[in-house]
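Counting starts at 1 for both ligands and their atoms, following the listed order. Bear in mind the structure is a predicted one, so any value in this text is a computation, not a measurement.
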Amino acid sequence: MSALVAQNVAIGVTGGIAAYKTCTLVRELKKLGADVRVAISESTREFVTDLTFATLSENPVVTSLFSGNETSGTTHIEMARWCNIFVVCPATAHFLARAAVGMANDFITTTLLATRAKVLICPAMNSVMWEKQVVQENIKKLQQLGYEIVEPEWGALATSDEGEGWGRLPEIQNIVSRIQHCLLATDDFKGQKVIVSAGPTREAIDPVRFLTNYSTGKMGFALAEVARQRGAEVVLITGPNHLDKPNGVKYLEIESAAELQAVITNEYDDCDILLMTAAVSDYRPRVVLKHKLKKKAGEFQLQMVRNADILAELGKKKTAEVHVGFALETESGIANATKKLSAKNLDFIVLNNPLEPGAAFAGDTNVVTIISKDGLVDTLPKMSKKEVAHTVLDRVLHVLEAGSQPLAAG
Ligand code: CTP
């Protein structure tokens, strides 16, 4: 864990049951050496006392715009200027709505407007509330405004009828590592050209039909976004998708595996890191019909020919420093992924099984195992795809650092 010595972290705690977890967040940040100040909303006091946060943070707690604890009438400005990061945890649906329209009707929303620091918002709420269109629209708006969102996870909820659902505050360690990334690692990929392939491919059968798969591109888009946030020059090459195009990346669209191969090869010469999340079709119809295929009586057989294995081909001439593959396996995952790792000359491979809960194609979370070429097998807990992206990039940094170590004498 990277230390946070000399980092000023302001935490706004809005009134949800997850507020009790923010106590652990404050403790963990203090352990890492950060100076922490907490502001709590009126309703937070129903869940956790001021004294708890004051004791853990070793600083007075601000409880309202004019609570009497302040040294002047501009405490929000002081805190807004003082902090290197402003974390709202947990963020209620009410807070999200007010922040999305720029309201400044309490200490936390006013500080949000007054700060130039990085802002990290950690929503937590009942799953029905989280899934409401208006809440999702507010989240989108906040992202467009430049605030970073730590997406809630699936899990046991205090207020869900089913007992489980979306809306649970992520593990505190995940929030701590997001804070560390914001504060320490924003530029750790500066100067690196990262190619990310994403989404499905489409192999045409005739003018109206094609073969494809269930990939949505979410994992690749998360990687592209996080790599750009961490300073990389990013080329995102993607198959058809319904996602918002990430800002600040070179965005190239493809359909077939052959197009993907041509575009990647064109971009590869000065590439430093290749992250191949695309779900590439291994076969294509032998001929693409010029006219719509008409039905006939009886069975129908489509003749298919092999597509190139793009990653294996690039692996043969590997000039980039790091190649990462993504293996999709529904059985014998580790054995099959390990074979792909060596056959495609990869530095590591990220294995996932779409049949596992939390790892489905269109989901926002993933459960992955990272297998390195030195034989290390590391199964990670269920995380948001963004969190997986950060973890994958941290591994890439390890590979780069190991590669730049001088060889031991002897
Ligand atoms: N890949 C590729 N070109 C292909 C097929 C796959 O570059 N024609 C890449 C994928 O982008 C992924 C990795 O290889 O990073 C593993 O893909 P996966 O579909 O899991 O495996 P395959 O090699 O296609 O093997 P199989 O279908 O037999 O599991």
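- Contact shell of ligand 1 (protein heavy atoms, cutoff 4.0 Å): M276, A278, V280, D282, A308, D309, I310, L311, G325, F326, A327, L328, K340, K344.
- A salt bridge is absent between K386 and E151; no separation between the charged side-chain nitrogens and carboxylate oxygens falls under 4.0 Å.
- For the pair R202 and F210, the cation-pi criterion (under 6.0 Å, within 45° of the ring axis) is fulfilled.
- Considering only residues two or more places apart in sequence or on other chains, K132 meets the side chain to side chain donor-acceptor pair (under 3.5 Å) condition with none of them.
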Output a table of donor-acceptor pairs, distance under 3.5 Å, between side-chain atoms of residues 282-299 and any protein atom two or more places apart or on a different chain; print 'none' if there are none.
unit_1 : atom_1 : unit_2 : atom_2 : d
R284   : NH1    : R306   : O      : 3.1
R284   : NH1    : N307   : OD1    : 2.8
R286   : NE     : Q303   : OE1    : 2.6

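- Taking P354 as the reference, L328, T330, F361 meet the side-chain contact (heavy atoms from CB on, under 4.5 Å) condition, with sequence neighbours excluded.
- Ring pair H181/H390 is parallel by interplanar angle, where below 30° counts as parallel and above 60° as perpendicular.
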